[in-house]
Asker: 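Mind looking over this structure? Questions follow.
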There are 2 protein chains.
Amino acid sequence: MQSQNISDIIEKYLKSILADAEHVEIRRSEIADLFNVVPSQINYVIKTRFTIQNGYLVESKRGGGGYIRIEKVNLLDDADVLDTLIQVIGDSITQRDAYAVVQSLYEDDVLNRREAQLILVATDRNTLAVDDHDLENSLRARIIIGILNHLRYES
Amino acid sequence: MQSQNISDIIEKYLKSILADAEHVEIRRSEIADLFNVVPSQINYVIKTRFTIQNGYLVESKRGGGGYIRIEKVNLLDDADVLDTLIQVIGDSITQRDAYAVVQSLYEDDVLNRREAQLILVATDRNTLAVDDHDLENSLRARIIIGILNHLRYES
DNA sequence: ATAATAAAAGTCAATATTAGTCAAAGATAA
DNA sequence: TTATCTTTGACTAATATTGACTTTTATTAT
């Protein structure tokens, strides 16, 4: 058998809960105590094993009564198409290229007209209105990738 | 499992009343006693969860017979909702307030669920991922206002 | 009527309670 | 050996809670 490091064990523990439930909600320090690790290791486990690529959504809240919530979501058939697009976009994209990406998603019926327009407005040069072109292009990339990642599953 | 903190519980309590009534009028100290918190916590709950972005109006009176009154307002009743919201947003908005604004638009059927999600993803702190908070908040404001202005044409 | 007192709510900053980030050190696998 | 993965902990950020002090309004006493 493979190395059973603690991260793997915590991963299995959380997934065993998710086998029966739609989501799991934890207090970070409690899980850390349970497995005798530092709290930030929980973040490590989540970051490496509960990604959207794997079909997990994570949300959290700090402060009193804070929590981390992991939800299992259904990945759609389009998921790998979106992966490819995300790869192509990388960490920067021009307005022109963004238009092409959104256009093709519209033609493939991944987005309807209104949604496509929303994205184009959100990533428009004049909307972002930053002087630095590199920053503009990287912001545009992050916004579109964020949206593509969101489109991978149904909510 | 969820909402372990008292502020969330008080929020739900007040909203459950507002589900049946147009407004709720409380005596601050009574609610504070009811939930065993200091009176100023009620102000905290109101300030963080019953903002105009959330679609609530709050008025109060001090002195004998004083009260706090929370009213749910329907932004759609206002002929120029979008103008109002744009005013409220100004040139900067936090993620929390943006969530409230988008939620309101969804509740008022200006946006459907998918569109609301798209906007929230596009303006999420981690999506924008700029270290300068002021820049983050102003970008968020421009994106949301850009979209609101776009919606004006559509409808 | 005016002044003093009481009875509310408001403000703000200190403290508490969470989770997040990041980089260094350690362990494991190729 | 070298590259990758894991573990750790110091530091940061977000959110919630508390209480001392202030302000506003109503009531009571003179």
Asker: Is there a donor in the side chain of Gln41(A) and an acceptor in the side chain of Ser7(A), or the other way round, less than 3.5 Å apart?
Answerer: yes

Asker: Round to a whole Å and report the spacing from CZ of Arg49(B) to C1' of dA14(D).
Answerer: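 Interatomic distance, CZ of Arg49(B) to C1' of dA14(D): 12 Å.
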
Asker: Within the 4.0 Å heavy-atom criterion, would you say Arg69(B) contacts the bases, only the backbone, or no part of the nucleic acid?
Answerer: nothing

Asker: Among the nucleotides dT17(D), dT18(C), dT21(C), which one has an atom lying closest to any side-chain atom of Asn5(B)?
Answerer: dT17(D)

Asker: Output the rounded distance in Å from CG (Asn43(B)) to C1' (dT24(D)).
Answerer: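 For the pair Asn43(B) CG and dT24(D) C1', the rounded distance is 14 Å.
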
Asker: How many whole angstroms separate atom CG of Asp8(A) from atom C1' of dT28(C)?
Answerer: 12 Å

Asker: Mapping Arg125(B) and Gly64(B) to their closest nucleotides on DNA chain D, which lands nearer the 5' end?
Answerer: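 Comparing both residues, the 5'-ward one is Arg125(B).
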
Asker: Taking N and O atoms by type only, does the side chain of Ser40(A) place a donor or acceptor under 3.5 Å from a partner on the base of dG9(D)?
Answerer: yes

Asker: Calculate the interatomic distance between Lys47(B) atom NZ and dT17(D) atom C1'; express it in whole Å.
Answerer: 14 Å

Asker: Where the side chain of Val38(B) is concerned, which of dG10(C), dA9(C), dT18(D) is the nearest nucleotide?
Answerer: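 Selected nucleotide: dT18(D).
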
Asker: Take atom OH in Tyr99(A); do more than 12 heavy atoms of anything else shown fall under 6.0 Å from it?
Answerer: no

Asker: Would you indicate which nucleotide in dG20(C), dA16(D), dT25(D) comes nearest to any side-chain atom of Lys61(A)?
Answerer: dA16(D)

Asker: Of all the choices, dT6(D), dA16(D), dG20(C), which nucleotide is nearest to the side chain of Ser60(A) once you look at every atom?
Answerer: dG20(C)

Asker: Taking CD1 from Ile6(A) and C1' from dA27(C), how many angstroms apart are they, rounded to a whole number?
Answerer: 13 Å

Asker: Do Arg114(A) and Asn112(B) get their side chains close enough for a donor-acceptor pair, meaning under 3.5 Å?
Answerer: no

Asker: Which listed nucleotide (dT18(D), dG20(C), dT23(D)) is nearest to the side chain of Arg62(B)?
Answerer: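 The listed nucleotide nearest to Arg62(B)'s side chain is dT23(D).
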
Asker: Please state how far atom OH in Tyr67(A) lies from atom C1' in dT17(C), giving the value in whole angstrom units.
Answerer: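 It is 15 Å, rounded to the nearest whole Å.
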
Asker: Between Arg142(B) and Asp91(B), does any NZ, NE, NH1 or NH2 come within less than 4.0 Å of an OD or OE carboxylate oxygen?
Answerer: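 No, no charged N to carboxylate O under 4.0 Å.
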
Asker: Any donor-acceptor pair under 3.5 Å between the side chain of Arg28(B) and the base of dA8(C)?
Answerer: no

Asker: Check every strand shown and say whether Ile68(A) touches a base, only sugar-phosphate, or nothing at a heavy-atom separation below 4.0 Å.
Answerer: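 Counting heavy atoms under 4.0 Å across all strands, the contact made by Ile68(A) is with sugar-phosphate only.
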
Asker: Rounded to the nearest angstrom, tell me the gap between atom CG in Asn137(B) and atom P in dA13(D).
Answerer: 14 Å

Asker: Does dT12(D) have its OP1 or OP2 closer than 4.0 Å to a side-chain nitrogen or oxygen of His133(B)?
Answerer: no

Asker: Need to verify one output field. Residue with the more 5' nearest nucleotide on DNA chain C, Ser29(A) or Glu59(B)?
Answerer: Glu59(B)

Asker: Is there a side-chain contact between Gln41(B) and the phosphate of dA16(D), meaning an N or O under 4.0 Å from OP1 or OP2?
Answerer: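 It does not, given that no N or O in the side chain of Gln41(B) lies less than 4.0 Å from OP1 or OP2 of dA16(D).
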
Asker: Counting heavy atoms from C-beta on, name the nucleotide in dT18(C), dA14(D), dG20(C) closest to the side chain of Arg27(A).
Answerer: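 Minimum distance to the Arg27(A) side chain belongs to dT18(C).
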
Asker: For Tyr44(B), answer base if it contacts any base atom (sugar-phosphate contacts may also be present), sugar-phosphate if it contacts only those atoms, and nothing otherwise; contact means non-hydrogen atoms under 4.0 Å.
Answerer: base

Asker: For Asn43(A) and Ser40(A), does a side-chain donor sit closer than 3.5 Å to a side-chain acceptor?
Answerer: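 There is no such pair (donor and acceptor under 3.5 Å, judged by atom type) between the side chains of Asn43(A) and Ser40(A).
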
Asker: Let me know the distance between CD1 of Ile46(A) and C1' of dT21(C), rounded to the nearest Å.
Answerer: 14 Å

Asker: Measure from the side chain of Asn126(B), starting at C-beta and using heavy atoms only, and say which of dG10(C), dT21(C), dT25(D) lies closest.
Answerer: dT21(C)

Asker: Does the ring of Tyr153(A) carry Lys72(A) above it, NZ/CZ under 6.0 angstrom from centre and within 45° of its axis?
Answerer: no

Asker: Tell me what Gly63(A) touches on the nucleic acid: a base, only sugar-phosphate, or nothing, going by heavy atoms under 4.0 Å.
Answerer: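 Base contact - Gly63(A) has a heavy atom under 4.0 Å of at least one base atom.
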
